[in-house]
Structure formats: structure tokens, C-alpha cells
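Reviewing the structure listed below.
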Protein chains: 2
Amino acid sequence: MHPNEAGPDAQDRLLDAAERLFAEHGFHGVSLRTITTEAGVNLAAANYYFRSKEGLFRAVFERRVGPVNADREALLQELMARSAGRPAVGEVLRAFLEPAFRASTSPGAEMFRKLSGRSSVDPSPEVRRIVYELYDPVSSRFVDAFKRACPDLSREDLFWRLACVFGAMMYVRADSGRLQRLLGDDLNMSDPEAAIAHLIPFLTAGMEVPPITTRDENEGEST
Amino acid sequence: MHPNEAGPDAQDRLLDAAERLFAEHGFHGVSLRTITTEAGVNLAAANYYFRSKEGLFRAVFERRVGPVNADREALLQELMARSAGRPAVGEVLRAFLEPAFRASTSPGAEMFRKLSGRSSVDPSPEVRRIVYELYDPVSSRFVDAFKRACPDLSREDLFWRLACVFGAMMYVRADSGRLQRLLGDDLNMSDPEAAIAHLIPFLTAGMEVPPITTRDENEGEST
DNA sequence: ATGTGATTGAAACGAACGTTTGACACACAA
DNA sequence: TTGTGTGTCAAACGTTCGTTTCAATCACAT
């Protein structure tokens, strides 16, 4: 390649610009022309490097999700070893949430958290599909961990409670600005440590509420 | 108007089709041609009745948000009177959540819940702006109610906890299908009564956790 | 019957979209 | 020096977009 020394190369500048603009306008809300202009590269570069607009979108996620998944796996494995397979639910939450908020403090990482949160409930099915494919393998291992941490919960109870966990995590990562409108602009949702410090106690308390539905007899736990 | 007896008129069919397609593909992910074809009306009808694509989107929301806001206002007013201005947080949650899930059982209303949840963190700022404008007046009254229900919480604590509340509500309304992928297709997030029954205990427990940050002296409560 | 205002219809508008092309510039090994 | 692969560039491809136009059509009061 012939770019060089100073600054990131075209591929990285493209990913950075796409990360920001996809987060701020959505996949269908921003054009490759806008992205490539912002990145300072030629329009054709996007298709050259990433085959298509969707390929660029996927590449933005692949760059960030890999490290998050690795951190989550490592924390979960360590937790499982330490707790002999019966972890406290608060510890599972910590292993799940910390990598999601703490992974890298670069300015691009904050943009990606917004993009990831917003894409998790994006109306476009192709957007959600890409996101889920990348997060699912590790997420399903955490579902197992939650089952072990809350053995008294029926699948239905766990379903609804994980909806609260995922929803809260996603809403904070998305940082839509709504609550700042309602409570004051001085408040800030982008501090990873504050997010962790507040979310874990809240969600732990919710997970520890006594079961609502009765646990079905034939629900085996998948050892 | 000259349509009649049988079936909804062009305007309503347009709103119904738009409600579904916006929910499934997003504002920028579906075209007026697709919407008008699905509604069985001429392409020009969308601009004729609603001035623009954005006008149609806004009209979809206005049709549904009005009743939700009215229900919320009524429940909150009744709660405030009954509790002499010091409501239990679980009751505030109930007054906030029940109208959001229960408002109408028509098939269109279920589609709108998805649309509303997904639009709350939509990457496009123009989408979020429309949604917030319609929900905010009543939502800010609920913020006050939460302040009264949790007088020991600092603004920062309340901020993070309401993020969990909004996030959980929005995630369940959005019904992205993610948790069904992880836990099983037999589970169902679209039952309003089940959502209410599970969310309220979970979120109440989270709201009642002891304060994390210390309450600032000069934070006055707005009587 | 006639005029009027509201609605529908087919067609076209210019603009913007994702993508492709082919010529050109560069680095580096042979 | 020559050949090869990689990257850049301006330009164009065909398609689709939101929106507008204007004539045709309808229900209905006059």
C-alpha cells in the first residue's frame, strides 16, 4: 500500500467515518458519498475495500465486537472457574456488562457504543441480523450462565428479566439523549464507570426478585 | 369523502400500511411506493393527505400516542390524588407502563408498539425528534412523579435508574426477536399482560435499591 | 342538470442512490 | 527497465427516491 506514515490509512479512516455516521443517521440514513467524503477518500474506495455498503457496515462491527467478545469470554470463564459453576447473578452481570462499556476508551469506541445500542433494535432486519450474528455466540453462553445463577426461575421468568437486562444495557449504550431532555443536559450517559456502577445494582435487584411464574417441571437445566 | 361502507378509507389504510412497514423496515428503509402499493392507494395520495413522507410518519404516531398519553395522565392523576402526592414507586411504574402495553388490542396497536420501541433509539435524529415531541409532555410529569416516589435518590441516581426503566420498556415494546433466538422461539414478548406482570416487579426492585451516589445538598424538589 | 370541491390516476420531475468501469499512479521484485 | 499488483481517481451506469403536475372522476348541494 502506498499511503503511509502520518495518520490512519484509507481503510481505517473509512471505518471511523462510517462508525460515526451510521451511529448518527443509521444504515439507510447516510450515503456512501457522505461517508467517503467525510473520510477523505474516493467514492469507489468503499466498494473496493468492503465490496458493498453492507460490507462496510459489517466491517465496522467486526472491528469492535471481537475484543468485546474476547473480554466477555475471559471474564465468564474466570467467573465459572472461581464459582464452581454456580456464579452469583451480580457477577454474571458484571462479566457481561463491563466489556460492553469499558472496551477501549478511544473516541471511536464511544461512537460504536451508540451505534451498537441503536442497531440492536433497528427497524431494518438486515441491520439487526448482522449485529446478532456477531454477538450471539458469546451471548448464548451468558444465557446459560444466567440460568445457572438463577436456577429457580422458569424460562419465561428468565426471558422477561433478560429483556430488562438487555434493554437497560442497550438503552444506555444507545444514549438517545431522551433522558437528558427530561432531567437536564448536565447529566451524562457516556461515562463507562458510572454506567457500570449504577446498572449492576439495579439489574441485580431485578434478577433476584422471587419468581413470578411457576417453574415448569420438565424444564431440564442443560448441565 | 367518497369511499365508504366497506373497510377503512384511503387515509386509514395508508396509516395502517405505513405503521407496519415503518416498524419492519424503518423510516428510511421503506419507500412511499411500497407503502402506497400495500395500502392499495395511488402514490400521490401519501403526499396529498400528509404533505410528505415525514408527515405520514408523524401521523402514524399521532394516531396512537394521543390515547396512551391520555391514559397515562388519568392514571397518574388518580394515583397522585389517592397517595396525597407521595406515591409508591411501583404505582408510578404501573401508571407509566400499563397504557404503553395495554392501549388497544387491535393488531395495528401491536405493530405500533414495535415501531415506537424501535424508533425510541432510532439512529436518525429526525425520527427520534418526532417521537420525543409527542411523548415528552406527559413523560416529564412522570419524571416528577418518580422524583416524589424516590426522594432519597440524587438526580444522577434517578437518571441511571430511569434509563433502566425506559430501556426495559422500550426493548420489550420493540420486540427485536433477539431473546427468542437465544432462549427459544416458543417465548412471546407481545403479550401485554405478561409484560406488565414481569416488568413491574423487576423495575420496582431496581428503583428501590439504596442510593449509589450521594444526594447533593442544593437539589431542591420541585414541590 | 350543473357547478363545486374533494379525491384519484398516470406520468413525469430532478435529485440522489449504490455500484461499476477504465484509465492512471505508485511501489517493488525480477 | 520492465512487469505486476495495489490503490486512487473522475466519470458514468441504471435504478429508485420523494415530490409535483394536471387531467379525470366522483359525491353532492344547488
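Below, chain A is the first sequence line, B the second, and so on; all start at residue 1. Please read these numbers as outputs of a predicted model, since none were measured by experiment.
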> Given atom CZ of B/Phe50 and atom P of D/dG18, what is their separation to the nearest angstrom?
Replying inline: 15 Å

>> Quick one about B/Thr37 and B/Thr34 (side-chain donor to acceptor, distance below 3.5 Å, no hydrogens or angles considered), yes or no?
In response: no

> Can you check the B/Leu56 CG to D/dT19 C1' distance for me, whole Å?
Replying inline: 14 Å

>> Can you tell me how the ring of B/Tyr135 sits relative to the ring of B/Phe61, calling it parallel under 30°, perpendicular over 60° and tilted otherwise?
In response: perpendicular

>> Just the rounded figure in Å: distance from P of D/dC9 to OH of A/Tyr49.
In response: 10 Å

> In whole Å, what is the span from the CD atom of A/Gln11 to the P atom of D/dT6?
Replying inline: 13 Å

> Parallel, tilted or perpendicular: which fits the ring planes of B/Phe202 and A/Phe202, with parallel below 30° and perpendicular above 60°?
Replying inline: tilted

>> For A/Asp71 and A/Arg102: C-alpha separation, side-chain torsions, deciding distance, then whether salt bridge (charged side-chain N to carboxylate O under 4.0 Å, His left out) applies.
In response: CA-CA 10 Å; A/Asp71 285 0; A/Arg102 208 130 69 182; over 6 Å; no

> Can you tell me how far C1' of C/dT8 sits from CG of B/Leu14, to the nearest Å?
Replying inline: 13 Å

> Judged by atom type as modelled, is there a donor-acceptor pair below 3.5 Å linking the side chain of A/Arg118 to the main-chain atoms of A/Ala174?
Replying inline: yes

Can you pull every protein N or O that's under 3.5 Å from an N or O on nucleotides 17-21 of chain C?
unit_1	atom_1	unit_2	atom_2	d
C/dC17	OP1	A/Ser31	OG	3.2
C/dG18	OP1	A/Lys53	NZ	2.8
C/dG18	OP2	A/Leu32	N	2.9
C/dG18	N7	A/Arg33	NH1	2.8
C/dG18	O6	A/Arg33	NH2	2.8
C/dT19	OP2	A/Asn47	OD1	3.3
C/dT19	OP2	A/Lys53	N	2.8

>> Could you check whether atom CD of B/Gln77 has more than 12 heavy atoms from other residues, nucleotides or ligands sitting under 6.0 Å from it?
In response: no

